[in-house]
Structure formats: C-alpha cells, structure tokens
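Keep in mind that what you see is a predicted model, and the values were worked out from it rather than measured.
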Amino acid sequence: IVFANYSLLESMSYGAVPIITNGDDADKIVTPDNGYILPLDVDVWVKTILKLLDDEKLITKLSQQARNTIKDKFSIENWFNEMMQARK
C-alpha cells in the first residue's frame with residue numbers, strides 16, 4: 001500500500017475513486033466527498049467496493065469529485081500559481 005504518491009493523484013485526475021488506508025495527512029487528499037479512507041479490514045473493503053458497484057450515481061459523483069479535487073488543489077497549474085505567488 002502506497003499513499004500520497006503521484007499514482008494516487010494521477011488516478012484521481014482521471015476519475016478513479018480512491019479507496020485507501022489511513023496514512024499521514026490522507027484526509028488532505030481523500031475525503032468522504034471523493035473517496036474512502038478505510039481500515040485494513042478485508043470485509044470493510046469488500047462491502048465498500050460492492051456498494052460502489054451497485055450504485056452508479058454514487059460512483060459517478062465520487063469520480064467527478066476526485067477529478068475536481070486534483071484540478072482544484074493538486075494540479076501542476078495550481079502548484080505553479082502558488083509558487084509564483086510565493087515568489088512575489
């Protein structure tokens with residue numbers, strides 16, 4: 001399990017709904033609005049995945065929010081703008 005690497009951010013930017021375990025500052029990226037932070041419990045993971053597979057509206061909503069999270073908070077454009085502001 002790897003948390004907060006570029007593959008998580010990239011997959012979310014394409015609309016993948018993140019299902020991760022808790023790690024340092026996990027809640028700064030993954031929130032109840034865009035995905036799940038779950039304990040290391042196989043039964044909980046299975047229930048969550050089945051819930052998503054059975055609810056197209058929910059997975060669509062979370063997918064859109066995952067994309068928006070990356071666009072609004074973690075995109076290269078956002079990072080560049082923050083660096084330019086810091087430079088000023």
Using distance only, find each side-chain donor-acceptor pair of residues 28-42 under 3.5 Å and give its atom names and separation, not counting sequence neighbours.
unit_1, atom_1, unit_2, atom_2, d
T31, OG1, D33, N, 3.2
N34, OD1, T31, N, 2.8
N34, ND2, I29, O, 3.0
N34, ND2, T69, OG1, 2.9
D41, OD1, D43, N, 2.9
D41, OD1, V44, N, 3.4

Problem set entry | CD-OG distance between E56 and S63, expressed to the nearest 0.5 angstrom | 11.0 Å
Exercise. In Å, rounded to the nearest 0.5 Å, how long is the span from NZ of K61 to CG of L58?
Worked result: 6.5 Å
Under 3.5 Å donor-acceptor pairs involving side-chain atoms of residues 78-88, not counting sequence neighbours:
unit_1, atom_1, unit_2, atom_2, d
N78, ND2, D72, O, 3.0
N81, ND2, E77, O, 3.3

Exercise. According to a 4.5 Å side-chain heavy-atom criterion applied to Ile, Leu, Val, Met, Phe, Trp and Tyr, with indirect links allowed, do Y6 and F74 form part of one hydrophobic cluster?
Worked result: yes
Problem set entry | Closest approach of A66 to A16 (non-hydrogen atoms, all atoms of both residues) | CB-O, 3.6 Å
Exercise. Rounded to the nearest 0.5 Å, what separation is found between the OG atom of S13 and the CG atom of L8?
Worked result: 10.0 Å
Problem set entry | Co-membership, hydrophobic cluster, residues L9 and Y14, 4.5 Å side-chain | no
Exercise. Do I70 and I76 belong to the same hydrophobic cluster, where Ile, Leu, Val, Met, Phe, Trp and Tyr are linked whenever their side-chain heavy atoms lie under 4.5 Å apart, directly or via other members?
Worked result: no
Exercise. What are the two closest non-hydrogen atoms of R67 and G15, and how far apart are they?
Worked result: CG-N, 3.4 Å
